[in-house]
Amino acid sequence: MRFEITHTLPADRDRVVAILADPAYYEFLQRRHAGVDRIEVLSQEDLGTSIRRRVRYQPKPIIRSIGPKKIDPDAMSWVEESTFDKATCRLEFRNVAVKDWVRKRLANSGTIELRDGGAGRTTRVVSGELTVRFPILGAIAERIIHSKARDILDEEARLFAEYLREKA
């Protein structure tokens, strides 16, 4: 499934880029994000014209068990592998599931564009492709995952504004 999720962030692009490159912001998200148990910057490398990073996310589980079988909370964890082009303010990402059995069935990649929103604001547009390879239930799983991702991004946008207020 193709998707696009848009938010307006209450800061100009330069400020947004600076915050997104700051590991302290991810520590703030780790403490405050209601939908995520873990956010951890694994690596971040400034290459001059771009920034390459790896960030691990572990959302709060939506399904704890299927019948008597418990679902490992790490089952829906992923590592965002991304490269941010400083000149275009465009990040290309690939979310890689931590668990092998999930990685074989789930693919997610796309872009995040930071556009000048005027009046000191930035429009963040997250777009891409989400594919769940599972007979019959794949399309349903895609919609559930997309909904959860939208919730995570909505909360992150809200927390971005909160982070700005606390840093002011």
Side-chain angles (χ1 to χ4, degrees), residues 1-62 76-98 106-132 141-168:
M1 89 180 287
R2 301 245 356 114
F3 64 88
E4 184 172 290
I5 302 169
T6 302
H7 291 98
T8 299
L9 303 176
D12 64 49
R13 276 196 321 185
D14 289 341
R15 182 91 167 113
V16 170
V17 169
I19 289 170
L20 294 178
D22 184 357
Y25 173 64
Y26 297 92
E27 293 168 11
F28 173 85
L29 288 177
Q30 165 72 39
R31 290 189 312 272
R32 305 273 181 96
H33 202 298
V36 178
D37 282 335
R38 178 177 176 187
I39 301 173
E40 177 185 5
V41 177
L42 301 175
S43 65
Q44 183 166 295
E45 184 179 8
D46 191 324
L47 304 172
T49 59
S50 63
I51 298 170
R52 187 172 30 214
R53 69 180 191 177
R54 296 178 70 242
V55 181
R56 182 182 173 133
Y57 293 86
Q58 181 178 328
K60 291 198 183 295
I62 35 181
M76 291 310 295
S77 294
W78 73 90
V79 174
E80 171 202 299
E81 297 177 347
S82 61
T83 302
F84 179 75
D85 184 305
K86 293 178 183 179
T88 62
C89 288
R90 178 183 167 105
L91 180 139
E92 293 189 16
F93 69 87
R94 185 172 78 110
N95 290 330
V96 180
V98 171
L106 181 103
N108 177 224
S109 62
T111 62
I112 299 175
E113 292 182 60
L114 300 176
R115 301 175 183 163
D116 182 358
R121 294 181 310 219
T122 299
T123 302
R124 177 183 70 181
V125 180
V126 181
S127 58
E129 181 87 25
L130 170 65
T131 306
V132 176
E142 288 172 359
R143 288 192 297 274
I144 292 169
I145 292 168
H146 174 264
S147 175
K148 180 71 171 173
R150 178 178 292 281
D151 292 345
I152 288 171
L153 290 169
D154 288 350
E155 177 74 356
E156 183 182 330
R158 187 190 70 73
L159 287 169
F160 185 91
E162 193 174 302
Y163 184 79
L164 276 175
R165 283 191 300 275
E166 287 188 15
K167 289 291 182 183

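Excluded from the calculations below are hydrogen atoms, water molecules and symmetry mates; all remaining heavy atoms, backbone and side chain alike, are included.
Proximity of a side-chain donor or acceptor of Tyr26 to a complementary backbone N or O of Leu20 within less than 3.5 Å is detected. A donor-acceptor distance shorter than 3.5 angstrom exists from the side chain of Gln30 to the backbone of Asp37, with no hydrogens or angles considered. Looking at Thr83, its side chain never comes within 3.5 Å of a backbone N or O of Arg52 through a donor-acceptor pair. Lys86 places a side-chain N or O within 3.5 Å of a backbone atom of Gly48 that can act as its donor or acceptor partner.
A salt bridge links Arg53 to Glu80: at least one charged side-chain nitrogen sits closer than 4.0 Å to a carboxylate oxygen. Electrostatic pairing of Lys60 and Asp151 does not count as a salt bridge here, judged by no charged N lying under 4.0 Å from a carboxylate O.
Considering Glu113, Glu4, Glu156 in turn, Glu156 is the only one that fulfils the salt bridge (Lys or Arg N to Asp or Glu O under 4.0 Å) rule with Arg124.
Residues Leu9 and Ile19 have side chains not in contact (no heavy-atom distance under 4.5 Å, counting atoms from C-beta outward). A heavy-atom distance below 4.5 Å is found between the side chains of Glu162 and Phe28. Side chains of Thr123 and Arg121 form no contact here, defined as non-hydrogen atoms less than 4.5 Å apart. Residues Asp85 and Thr49 have side chains not in contact (no heavy-atom distance under 4.5 Å, counting atoms from C-beta outward). A heavy-atom distance below 4.5 Å is found between the side chains of Lys148 and Ile152. The shortest side-chain heavy-atom distance between Gln44 and Asp46 does not fall under the 4.5 Å cut-off. Under the 4.5 Å side-chain criterion, counting only non-hydrogen atoms from C-beta, Val17 is in contact with Phe84.
Applying the salt bridge (Lys or Arg N to Asp or Glu O under 4.0 Å) definition to pairs two or more places apart or across chains, none involves residues 10-23.
Among residues two or more places apart in sequence or in another chain, the side chain to side chain donor-acceptor pair (under 3.5 Å) test is passed with Glu129 by Arg2.
Nearest approach of Ala161 to Pro10, heavy atoms of both residues: CB-CG, 3.7 Å. Closest non-hydrogen pair, Thr122 versus Ala11, comes out as OG1-O, 2.6 Å.
Within a 6.0 Å radius of NZ in Lys167, no more than 12 heavy atoms belonging to other residues, nucleotides or ligands are found.
Between Tyr57 and Trp78, the ring-plane angle classifies as parallel under the 30° and 60° cut-offs.
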